[in-house]
There are 2 protein chains.
Amino acid sequence: MKETDNKLTMRNIKPTAMRELVLKVLSEQKSAISLLELEQKFEKADKTTLYRTLKTFEENKLIHSIDDGTGSVKYALCKETCECNPSDLHVHFLCTKCKHTFCLNDIAIPNLTLPANFKLETINMVVKGICANCK
Amino acid sequence: MKETDNKLTMRNIKPTAMRELVLKVLSEQKSAISLLELEQKFEKADKTTLYRTLKTFEENKLIHSIDDGTGSVKYALCKETCECNPSDLHVHFLCTKCKHTFCLNDIAIPNLTLPANFKLETINMVVKGICANCK
DNA sequence: AAAACTTTGCAACTCAGTTGCATAGCTTTT
DNA sequence: AAAAGCTATGCAACTGAGTTGCAAAGTTTT
């Protein structure tokens with residue numbers, strides 16, 4: 001059994017040819033990728049299939065989605081132990097020069113004291129600026 | 001000179017009837033409002049005009065926009081002294097029950113230590129959860 | 001091998017945001 | 001005060017990301 005298959009099976013995703021390919025492409029990325037960008041990595045691929053593949057991956061916490069404010073949602077692999085709980089969350093960085101969106105996996109979302117009677121569920125924190133490569 | 005006119009003029013926005021009305025509506029909101037919601041506050045108003053009015057207001061820092069991840073951008077008045085610099089930024093809260101988006105004006109975005117050679121420009125931080133009214 | 005379920009692919013739609021263009025309304029110049 | 005010029009407004013039509021319906025292809029179960 002291939003390693004990729006294993007990663008899918010671990011997350012209760014039936015390993016099809018398409019899904020293996022998508023996971024492979026996602027694994028190769030250094031930054032988060034949009035549906036459109038993913039589509040362009042393939043010679044011939046249907047947007048709907050990729051869309052639904054990403055949804056399936058996200059539901060099963062193999063990947064997480066990032067709304068970086070650019071108008072297109074980006075996707076990136078979760079860590080193996082990730083359950084997408086608040087404690088698993090990290091900061092994302094959008095470079096305004098190269099337009100890449102990075103997971104700053106080592107930077108946890110800082111603790112916040114909300115006003116009285118506000119209950120926290122999750123936090124989206126996107127930092128914009130210039131990344132190390134573009135500097 | 002009316003107070004509303006004054007606020008517009010202070011920000012170098014020519015005070016037209018439409019703009020005064022829009023500013024009035026925005027001032028009355030307890031939470032941030034989308035273009036569509038704004039449109040519905042008027043009997044008869046053109047989306048384009050409202051859209052361009054909001055853009056003008058935003059460019060001149062009378063209001064700021066909030067991408068709360070719901071798919072529709074929200075707008076809220078800036079404080080009088082706001083220049084929309086990082087130090088002016090605050091946390092936004094999206095209630096998953098009532099779907100309202102609030103400016104937590106008193107909660108500044110926490111300081112972050114970015115990886116080496118990353119330069120910060122701005123931060124978008126949206127907390128999701130249940131607000132005090134819905135609890 | 002047939003029946004039942006899942007995945008894939010095409011087309012077509014939704015919805016927020018945006019642009020083009022003509023008209024209406026000011027402002028400035030003569 | 002009329003003409004010329006600029007700004008704001010309103011309608012229609014478009015864009016692009018995301019999404020759904022449905023039928024065909026592929027798997028799994030009986």
Side-chain angles (χ1 to χ4, degrees), chain A residues 1-2 4-5 8-9 11-25 32-60 62-76 94 99 101 124 126, chain B residues 1-2 4-5 8-9 11-25 32-60 62-76 94 99 101 124 126:
Chain A
M1 195 195 241
K2 279 192 287 182
T4 311
D5 269 33
L8 291 168
T9 312
R11 292 287 189 175
N12 293 311
I13 303 165
K14 216 184 287 178
T16 66
M18 195 72 235
R19 287 171 180 169
E20 281 169 27
L21 281 173
V22 171
L23 178 51
K24 185 167 170 290
V25 169
I33 190 175
S34 70
L35 173 57
L36 184 72
E37 286 163 338
L38 179 63
E39 201 183 352
Q40 289 162 349
K41 302 272 173 194
F42 292 91
E43 278 289 305
K44 175 194 152 296
D46 182 66
K47 197 176 57 145
T48 311
T49 305
L50 296 174
Y51 169 72
R52 287 196 266 235
T53 302
L54 290 173
K55 284 281 168 206
T56 304
F57 284 9
E58 190 181 10
E59 271 162 30
N60 293 283
L62 181 60
I63 63 176
H64 59 281
S65 63
I66 306 140
D67 185 339
D68 59 12
T70 57
S72 54
V73 177
K74 306 290 193 312
Y75 300 87
L94 168 63
K99 314 291 180 197
T101 300
N124 181 37
V126 178
Chain B
M1 194 196 243
K2 278 191 288 181
T4 311
D5 270 33
L8 291 169
T9 312
R11 292 287 189 174
N12 293 310
I13 302 164
K14 216 184 287 178
T16 67
M18 195 72 235
R19 288 172 179 170
E20 282 169 27
L21 280 172
V22 171
L23 178 52
K24 185 167 170 291
V25 170
I33 190 174
S34 70
L35 173 58
L36 185 72
E37 287 163 338
L38 179 63
E39 201 184 352
Q40 290 163 348
K41 302 273 173 193
F42 292 91
E43 279 290 306
K44 176 196 152 297
D46 182 65
K47 198 177 55 144
T48 310
T49 304
L50 296 174
Y51 168 72
R52 287 197 264 235
T53 302
L54 289 173
K55 284 283 167 203
T56 303
F57 283 10
E58 191 182 8
E59 271 161 30
N60 293 283
L62 181 59
I63 63 176
H64 59 279
S65 63
I66 305 141
D67 186 339
D68 59 11
T70 57
S72 54
V73 177
K74 307 290 193 312
Y75 300 87
L94 168 63
K99 314 291 181 200
T101 299
N124 180 38
V126 178

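In what follows, chains are A, B, ... by sequence order, proteins preceding strands, each numbered from 1.
- Per the geometry, NZ belonging to A/Lys55 stands 16 Å off P belonging to C/dT7, to the nearest Å.
- Between B/Glu43 atom CD and D/dG10 atom P there is a gap of 14 Å when expressed in whole angstrom units.
- One can place CG of A/Asp46 at 10 Å from P of C/dA11, the figure rounded to the nearest angstrom.
- Protein atom CG of B/Leu35 is 9 Å distant from nucleotide atom P of C/dA16, rounded to whole Å.
- Within 4.0 Å (heavy atoms only), A/Thr49 reaches at least one base atom of the nucleic acid.
- Rounded to an integer number of Å, the gap from CD1 of B/Ile13 to P of D/dT7 is 15 Å.
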**Study point:** side-chain contact (heavy atoms from CB on, under 4.5 Å) assessment of A/Phe42 paired with A/Leu50
**Key:** CA-CA 10 Å; A/Phe42 292 91; A/Leu50 296 174; 4.1 Å; yes
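- For A/Arg19 (side chain) and A/Lys14 (main-chain N/O), a donor-acceptor pair under 3.5 Å exists by modelled atom type.
- Between A/Tyr51 and the phosphate of D/dG18, there is no side-chain N or O to OP1/OP2 separation shorter than 4.0 Å.
- Contact of B/Arg52 with C/dG20 (side chain to base): a donor-acceptor pair of N or O atoms is detected under 3.5 Å.
- Distance CZ (B/Arg19) to P (D/dT7): 11 Å, rounded to an integer number of Å.
- The shortest side-chain heavy-atom distance between B/Lys74 and B/Leu94 does not fall under the 4.5 Å cut-off.
- Side-chain to base pairing of A/Thr48 with C/dA11: one donor and one acceptor N or O lie within less than 3.5 Å of each other.
- Between the base of D/dG18 and the side chain of A/Lys47 there is a donor-acceptor pair shorter than 3.5 Å.
- The side chain of A/Val73 approaches D/dG18 more closely than any other nucleotide in the set D/dG10, D/dA17, D/dG18.
- C/dC10 atom C1' lies 13 Å from atom CD of A/Glu39, rounded to whole Å.
- Backbone-only contact: B/Ser72 has heavy atoms under 4.0 Å from sugar-phosphate atoms and none from a base.
- Between B/Leu62 and B/Leu8, the closest side-chain pair of non-hydrogen atoms falls below 4.5 Å.
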Practice item. Apply side-chain contact (heavy atoms from CB on, under 4.5 Å) to the pair A/Met18 and A/Thr49, showing each step before the final yes or no. Key: CA-CA 9 Å; A/Met18 195 72 235; A/Thr49 305; 3.8 Å; yes
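- In this structure, the NZ atom of B/Lys14 is 5 Å from the P atom of D/dA8, given to the nearest Å.
- Checking A/Thr53 against B/Gly71, the closest nucleotide of DNA chain C that is more toward the 5' end is the one next to A/Thr53.
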